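What you see is a predicted model, and the numbers here were worked out from it, not measured in a lab. Along the sequence shown, the residues carry numbers beginning at 1.
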Amino acid sequence: MTIAPQHPRFATIQRRFETFHAEHPEVLERLEKMAGEWFDLGHPSISIGMLWEAMRWLDGVNRPEPVRLNDHFRSRYVRLLLQRRPEWESRFQVRELRAA
């Protein structure tokens with residue numbers, strides 16, 4: 001069986017992220033809410049990895065069909081968070097993107 005080049009498997013990480021984000025806009029909303037709650041408790045910083053795994057756990061115990069979160073999208077989501085909340089820039093460590 002030959003897989004066509006248009007198959008999602010061949011899409012760039014950015015393209016797959018854009019598709020996922022369009023299908024699941026609630027993920028960004030939930031990340032923002034969770035980070036805001038963390039900062040409101042007085043914590044100075046948080047990692048996107050911690051938020052990501054907490055969301056996975058919460059989905060696993062609270063939803064019959066949890067959203068499948070791809071680890072490759074974490075760096076894209078932290079950038080979206082910082083676009084929406086630039087005052088959080090010092091609270092997240094952001095590295096240069098290495099993959100397209």
Side-chain angles (χ1 to χ4, degrees):
M1 175 174 152
T2 303
I3 300 175
Q6 306 90 297
H7 190 278
R9 188 170 104 190
F10 292 106
T12 64
I13 292 171
Q14 184 64 32
R15 181 60 57 110
R16 287 182 288 153
F17 165 74
E18 290 166 0
T19 301
F20 178 84
H21 180 55
E23 293 172 357
H24 300 282
E26 74 279 6
V27 170
L28 180 60
E29 300 295 328
R30 292 174 62 206
L31 289 169
E32 184 175 15
K33 182 178 186 291
M34 291 168 67
E37 290 172 351
W38 185 256
F39 299 143
D40 288 347
L41 289 171
H43 299 288
S45 64
I46 193 168
S47 73
I48 191 65
M50 182 176 152
L51 291 171
W52 204 248
E53 295 306 327
M55 189 182 323
R56 256 191 193 137
W57 185 84
L58 290 168
D59 270 8
V61 298
N62 293 320
R63 295 179 179 211
E65 295 285 329
V67 175
R68 296 192 58 171
L69 300 172
N70 184 327
D71 288 342
H72 293 143
F73 300 159
R74 295 185 317 177
S75 62
R76 270 74 177 172
Y77 272 108
V78 76
R79 284 167 173 76
L80 285 182
L81 276 174
L82 295 178
Q83 284 177 6
R84 289 173 71 140
R85 303 295 296 264
E87 69 274 18
W88 289 353
E89 189 173 336
S90 66
R91 296 178 167 220
F92 285 92
Q93 182 181 45
V94 180
R95 299 182 190 147
E96 183 179 335
L97 287 177
R98 293 181 287 167

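Counting heavy-atom neighbours within 6.0 Å of H43 NE2, excluding the residue itself, gives a total above 12. When the shell of 6.0 Å around CD of E87 is examined, it contains more than 12 heavy atoms from other residues, nucleotides or ligands. In the displayed structure, E89 atom CD is contacted under 6.0 Å by at most 12 heavy atoms of other residues, nucleotides or ligands.
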Inset, instruction - Assess whether side-chain contact (heavy atoms from CB on, under 4.5 Å) is satisfied between D71 and R56, documenting all intermediate values. - result: CA-CA 11 Å; D71 288 342; R56 256 191 193 137; 2.9 Å; yes

Inset, instruction - Report the C-alpha separation of R68 and H24 in whole Å, then their side-chain angles, then the decisive distance to 0.1 Å, and conclude whether the side-chain contact (heavy atoms from CB on, under 4.5 Å) test is met. - result: CA-CA 10 Å; R68 296 192 58 171; H24 300 282; over 6 Å; no

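Between R63 and E65 there is no salt bridge, since no side-chain N of the basic residue sits under 4.0 Å from a carboxylate O of the acidic one. With respect to the salt-bridge test (charged N to carboxylate O, under 4.0 angstrom), the residues K33 and E37 qualify.
When side chains are defined from C-beta on, E18 counts as touching R15, because their heavy atoms get closer than 4.5 Å. Between W38 and M50 the shortest side-chain heavy-atom distance falls below 4.5 Å. Side chains of I46 and M34 form no contact here, defined as non-hydrogen atoms less than 4.5 Å apart.
The minimum heavy-atom distance linking V27 with M55 is given by the pair O-CE, 3.8 Å. Nearest heavy-atom pair across R74 and I48 is O-CG1, 3.6 Å. The two residues W88 and L81 come nearest to each other via the heavy atoms CZ3-CD2, 4.3 Å. The two residues P66 and G60 have their closest heavy-atom pair at CB-N, 4.3 Å. Here the closest heavy-atom approach between residue R79 and residue S75 is recorded as NH1-O, 3.0 Å. Contact record, F20 with L69: CZ-CD2, 4.0 Å, taken as the closest heavy-atom pair.
Atom NE2 of residue H72 and atom CZ of residue R16 lie 7.0 Å apart, to the nearest 0.5 angstrom. Taking CG from L82 and CD from E32, the interatomic distance works out to 10.5 Å, rounded to the nearest 0.5 Å.
Residues satisfying the salt bridge (Lys or Arg N to Asp or Glu O under 4.0 Å) criterion with R30, sequence neighbours excluded, are D59.
Under the 4.5 Å side-chain contact rule for hydrophobic residues, L31 and V61 share a cluster.
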